[in-house]
Amino acid sequence: MSQAVFKQTGQSAAGARLGVLKTRRGPVKTPFFMPVATRGVVKSLTPKEVKDTGAQVLLSNTYHLHLQPGEELVKRLGGLAKFNGWEGPTLTDSGGFQVFSLASIRKITEEGVTFKEPKTGDEIFISPEKSMQIQFSLGSDIIMAFDDLTGLSLETRARTKEAMERTHRWLARCLTEFNRLTKDLPDGQKPLLFGISQGGLDEKLREKSLDFVQSQPVDGVAIGGLSVGESRAELHSMLKFMSLLYDPARPRYLMGVGHPIDFRWALLNGIDMMDCVMPTRNGRHGTVWLKGDRPVNLKSLRFATDKQIIDKTCDCYTCRAGYSRALLRHLFKNSDPLAGRLASIHNLRYLARICEEI
RNA sequence: GCUGGGGUAGUGAAGCGGUCAAACACGACUGACUGUAAAUCAGUUGGCAUUCGCCUUCGGGGGUUCGAAUCCCUCCCCCAGCA
């Protein structure tokens, strides 16, 4: 762990932490939201469009980029930033989420996880070491530990403790490999490494996991294993519980949360950074947020003759440029990709503004 | 005018005597989406009732049959070829 990666600079009137996270591509202001660029780009958007929403950091994915086009190719092309044109820092997820989302095609052993891609027939093995190597080759600025994430169904719930313990063992291996890979880099050029805590909806496990991760020389602490199907009340209650357990000196990253209501709650409970597919996926599917965290589906018939912009209080490109709800509905109904782009921009700006205004 | 093919729910298109309110696709409407197997997925889509169900439909009319979108007669309309 390099010294003073994170510095708290204050607290918002509402109670959110304000601070600065230092990365090798420069400092970023916390709190911040990371748009998801799984395959290297935020679906359908240019880097400039993403940046103009106020985004500072992008999230990309180890698993997907390893499959296609492969980290060696990305490395040869100069790393992610050169490859995709995003000049700010990029955080890469470790492939851990795919242990959960691709549960039906994967097999976990202590050594690592084997995935059998149904589309390509490829068999992919990812271990903690392998995940570090891939992320390092991709040129990630914030590397995530490879974790074992389990769901909430009865049979997976039984695995919560086991998954947490394995995540801890794997974190140790990640650290060793990370140190090996980065030992020759000067301090300012090292990527950061974040550890991930698990524990499901069990407070004791959560506390134990946070304690363990924070005992390790990681640059940041991530909360994994939430937003996997639990109720809002359960999510909020756990976030409140954990808010008293964080190391004040390190950034806290809540993985996968992006519904504005949960987002605000997290910020008011000590979280500094988040990512989520919701603004972009829902945007592409036609749903945008209105002031008050109210989602509306632009495809709905009731917008057919609506001359208003999405939200007159919004300063995103889509709203400033004056695209009416009626036009957006028309574009959605005709499958014009511009519709999803404009809605994604609006939703990304919506979350960025929460960070700026909370 | 002759010969052949065809007219099915918003559209295209199956069905060719009962299990047909009628496959499937598209369209339409509604909903879902939280570290992206997701520009995706689910439900509804004749009327009424919306729980069993009831009613009216497959170009029009008339037959045959216990029973027809499906067979026969007739009329109307489309398409192709020949006059």
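Sequence lines set the chain letters: A, B, ... in the order given, protein chains first and strands last, and positions in each chain run from 1.
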Asks: Counting side-chain heavy atoms from C-beta on, which of B/A37, B/U36, B/G35 comes nearest to A/S101?
Replies: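 Out of B/A37, B/U36, B/G35, the nucleotide with an atom closest to A/S101's side chain is B/A37.
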Asks: Please classify the nucleic acid contact of A/D262 as base, sugar-phosphate, or nothing, using heavy-atom distances under 4.0 Å.
Replies: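 Base, at least one base atom sits under 4.0 Å.
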Asks: Using atom P in both nucleotides, what's the gap between B/C82 and B/C75 to the nearest angstrom?
Replies: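 B/C82 and B/C75 have their P atoms separated by 26 Å.
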Asks: If the cut-off is 4.0 Å, is A/T38 near the phosphate of B/U36, judged by side-chain N/O to OP1 or OP2?
Replies: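 Yes, A/T38 has a side-chain N/O under 4.0 Å of OP1/OP2 on B/U36.
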Asks: Base, sugar-phosphate, or nothing: which does A/G340 touch, judged by heavy atoms less than 4.0 Å apart?
Replies: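 Nothing, no nucleic acid heavy atom in range.
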Asks: Using the C1' atom as the reference point in each nucleotide, state the distance between B/G17 and B/G63 in Å, no decimals.
Replies: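 That atom pair is separated by 15 Å.
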Asks: So if you build clusters from Ile, Leu, Val, Met, Phe, Trp, Tyr with side-chain heavy-atom gaps below 4.5 Å, do A/V42 and A/L80 land together?
Replies: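 No; A/L80 is not reachable from A/V42 via cluster members.
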Asks: Over all strands shown, is A/R329 touching base, sugar-phosphate only, or nothing at heavy-atom distances under 4.0 angstrom?
Replies: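 Sugar-phosphate contact only - A/R329 comes under 4.0 Å of backbone atoms but never of a base.
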Asks: Rounded to whole angstrom, note down the P distance from B/C76 over to B/G10.
Replies: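 Result for the P pair: 26 Å, nearest Å.
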Asks: Has A/E87 got more than 12 heavy atoms of other residues, nucleotides or ligands less than 6.0 Å from its CD?
Replies: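 Check fails, neighbour count at 12 or below.
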Asks: What is the distance, rounded to the nearest whole Å, between atom CG of A/L91 and atom P of B/U36?
Replies: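 To the nearest whole Å, that distance equals 10 Å.
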Asks: What's the verdict on side-chain contact (heavy atoms from CB on, under 4.5 Å) for A/D147 and A/W170, showing C-alpha distance, side-chain angles and the deciding distance?
Replies: CA-CA 7 Å; A/D147 61 331; A/W170 283 358; 5.7 Å; no
Asks: A/D293 CG to B/C33 C1': how many Å, rounded?
Replies: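 About 17 Å, once rounded to whole Å.
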Asks: Check whether any side-chain N or O of A/N347 sits under 3.5 Å from a backbone N or O of A/T287 as a donor-acceptor pair, and report yes or no.
Replies: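 Present.
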Asks: In whole Å, I'd like the distance from the CG atom of A/L102 to the C1' atom of B/G35.
Replies: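 Rounded to whole Å, this separation is 13 Å.
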Asks: Counting only Watson-Crick pairs (N1-N3 plus N6-O4 or O6-N4) and G-U wobbles (N1-O2, O6-N3), all under 3.5 Å, who is the partner of B/U34?
Replies: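 Pairing partner, where one exists within any strand: none, as none qualifies.
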Asks: Considering Watson-Crick and G-U wobble pairs with both distances under 3.5 Å, what does B/G81 pair with?
Replies: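 WC or wobble partner is B/C2.
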Asks: To the nearest angstrom, how far is A/L298 atom CG from B/G31 atom C1'?
Replies: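 Answer to the nearest Å: 15 Å.
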Asks: Heavy atoms only, 4.0 Å cut-off, all strands: where does A/E117 land among base, sugar-phosphate and nothing?
Replies: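 A/E117: no heavy atom of the nucleic acid under 4.0 Å.
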Asks: Reckon A/G283 touches a base, only the sugar-phosphate, or nothing at all at heavy-atom distances under 4.0 Å?
Replies: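 Touches nothing.
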Asks: When the distance from CZ of A/F303 to C1' of B/U30 is rounded to whole Å, what number comes out?
Replies: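 Taking CZ of A/F303 and C1' of B/U30, I get 13 Å after rounding.
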Asks: Report yes if a side-chain nitrogen or oxygen of A/K333 is closer than 4.0 Å to either non-bridging phosphate oxygen (OP1 or OP2) of B/G27; otherwise report no.
Replies: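 No, no such contact exists.
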Asks: If you measure from the P atom in B/A21 to the same atom in B/G27, how many Å do you get, rounded?
Replies: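 Going atom to atom, P in each nucleotide, I get 28 Å.
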Asks: Under a 3.5 Å cut-off for both distances, is B/A28 Watson-Crick or wobble paired, and to whom?
Replies: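 The base-pairing partner of B/A28, which may sit in any strand shown, is B/U44.
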Asks: Given B/A37, B/G35, B/U34, identify the nucleotide with an atom nearest to the side chain of A/M278.
Replies: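 Between B/A37, B/G35, B/U34, the one nearest the side chain of A/M278 would be B/U34.
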Asks: Is A/R173 salt-bridged to A/E111, cutoff N-O under 4.0 Å?
Replies: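 Yes, charged N to carboxylate O under 4.0 Å.
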Asks: When you match A/L235 and A/L301 each to their closest nucleotide on RNA chain B, which lands nearer the 5' end?
Replies: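 Checking each residue's closest nucleotide, the 5'-ward one belongs to A/L301.
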Asks: Establish, from distance only, whether the side-chain atoms of A/S300 and A/R302 form a donor-acceptor pair under 3.5 Å.
Replies: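 Yes, a side-chain donor-acceptor pair sits under 3.5 Å.
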Asks: For A/N61 and B/G35, is the shortest distance between a side-chain N/O and OP1 or OP2 below 4.0 Å?
Replies: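 Checking B/G35 against A/N61, no side-chain N or O comes under 4.0 Å of OP1 or OP2.
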Asks: Base, sugar-phosphate or nothing for A/R232? Non-hydrogen atoms, less than 4.0 Å.
Replies: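 If one applies the 4.0 Å heavy-atom cut-off, A/R232 turns out to touch a base.
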Asks: For B/A23 and B/G46, measure between their P atoms and round to the nearest Å.
Replies: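 Approximately 9 Å lies between the P atom of B/A23 and that of B/G46.
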Asks: Using a heavy-atom cut-off of 4.0 Å across all strands, would you classify A/E230 as base, sugar-phosphate, or nothing?
Replies: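 The answer is nothing, as A/E230 stays clear of every strand by at least 4.0 Å.
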Asks: In terms of hydrophobic clusters joined by side-chain contacts under 4.5 Å, are A/M278 and A/L290 together?
Replies: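 They do share one cluster, since a chain of ILVMFWY contacts under 4.5 Å joins A/M278 to A/L290.
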Asks: To the nearest angstrom, how far is A/N334 atom CG from B/C26 atom C1'?
Replies: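 My rounded result for the distance is 13 Å.
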Asks: Using a distance-only criterion (donor-acceptor N/O pair, under 3.5 Å, no hydrogens), is the base of B/U30 paired with the side chain of A/S300?
Replies: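 Checked by distance alone, the answer is no.
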Asks: Over how many whole Å does the gap from A/Y63 atom OH to B/A38 atom P extend?
Replies: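 A/Y63 atom OH is separated from B/A38 atom P by 10 Å.
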Asks: For B/A49, which nucleotide in any strand shown is its Watson-Crick or wobble partner with both distances under 3.5 Å?
Replies: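 Its partner: none found.
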Asks: Between the side chains of A/S131 and A/Q135, is a donor N or O closer than 3.5 angstrom to an acceptor N or O?
Replies: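 Yes, A/Q135 and A/S131 have a side-chain donor paired with an acceptor closer than 3.5 Å.
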Asks: Could you tell me how far B/U70 sits from B/C20 if I compare only their C1' atoms? Round to whole Å.
Replies: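 Their C1' atoms lie roughly 11 Å apart.
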Asks: Can you check the distance between B/A14 and B/G7, where both ends of the measurement are the P atom (answer in whole Å)?
Replies: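 Rounded to whole Å, the distance is 8 Å.
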Asks: Does A/Q98 have a side-chain nitrogen or oxygen under 4.0 Å from the phosphate oxygens OP1 or OP2 of B/A37?
Replies: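 For B/A37, OP1/OP2 do have a side-chain N/O of A/Q98 under 4.0 Å.
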Asks: Give A/R341 one of three labels, base, sugar-phosphate or nothing, depending on what nucleic acid heavy atoms sit under 4.0 Å from its own.
Replies: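 The residue A/R341 makes no contact with any strand.
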Asks: Protein within reach of the bases, or only the backbone? For nucleotides 39-47 of chain B, mark each nucleotide 5' to 3' as B, S or -, using heavy atoms under 4.0 Å.
Replies: SB-------
Asks: I'd like to know if A/D147 reaches the base of B/G35 with its side chain, counting only an N/O donor and acceptor under 3.5 Å.
Replies: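 Check passes, donor-acceptor contact within cut-off.
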Asks: Rounded to the nearest 0.5 Å, what separates atom CG in A/L192 from atom CG in A/L21?
Replies: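 Taking CG in A/L192 and CG in A/L21, the distance rounds to 6.0 Å.
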Asks: Does the side chain of A/R39 get closer than 4.0 angstrom to OP1 or OP2 of B/A38 through an N or O atom?
Replies: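 It does, given that an N or O in the side chain of A/R39 lies less than 4.0 Å from OP1 or OP2 of B/A38.
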Asks: Can you tell me, in whole Å, how much space there is between the P of B/A9 and that of B/G15?
Replies: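 Taking atom P in both B/A9 and B/G15, they lie 16 Å apart.
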Asks: Hydrogens and angles aside, do A/Y253 and A/D275 bring a side-chain donor and acceptor to less than 3.5 Å of each other?
Replies: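 Yes.
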Asks: In this structure, how many angstroms lie between the P atom of B/G35 and the CG atom of A/L254, rounded?
Replies: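 In whole Å, B/G35 P and A/L254 CG are 10 Å from each other.
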Asks: Do you know which two heavy atoms are closest between A/L77 and A/K82, and how far apart they sit?
Replies: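 In this case the closest contact between A/L77 and A/K82 is O-CB, 3.5 Å.
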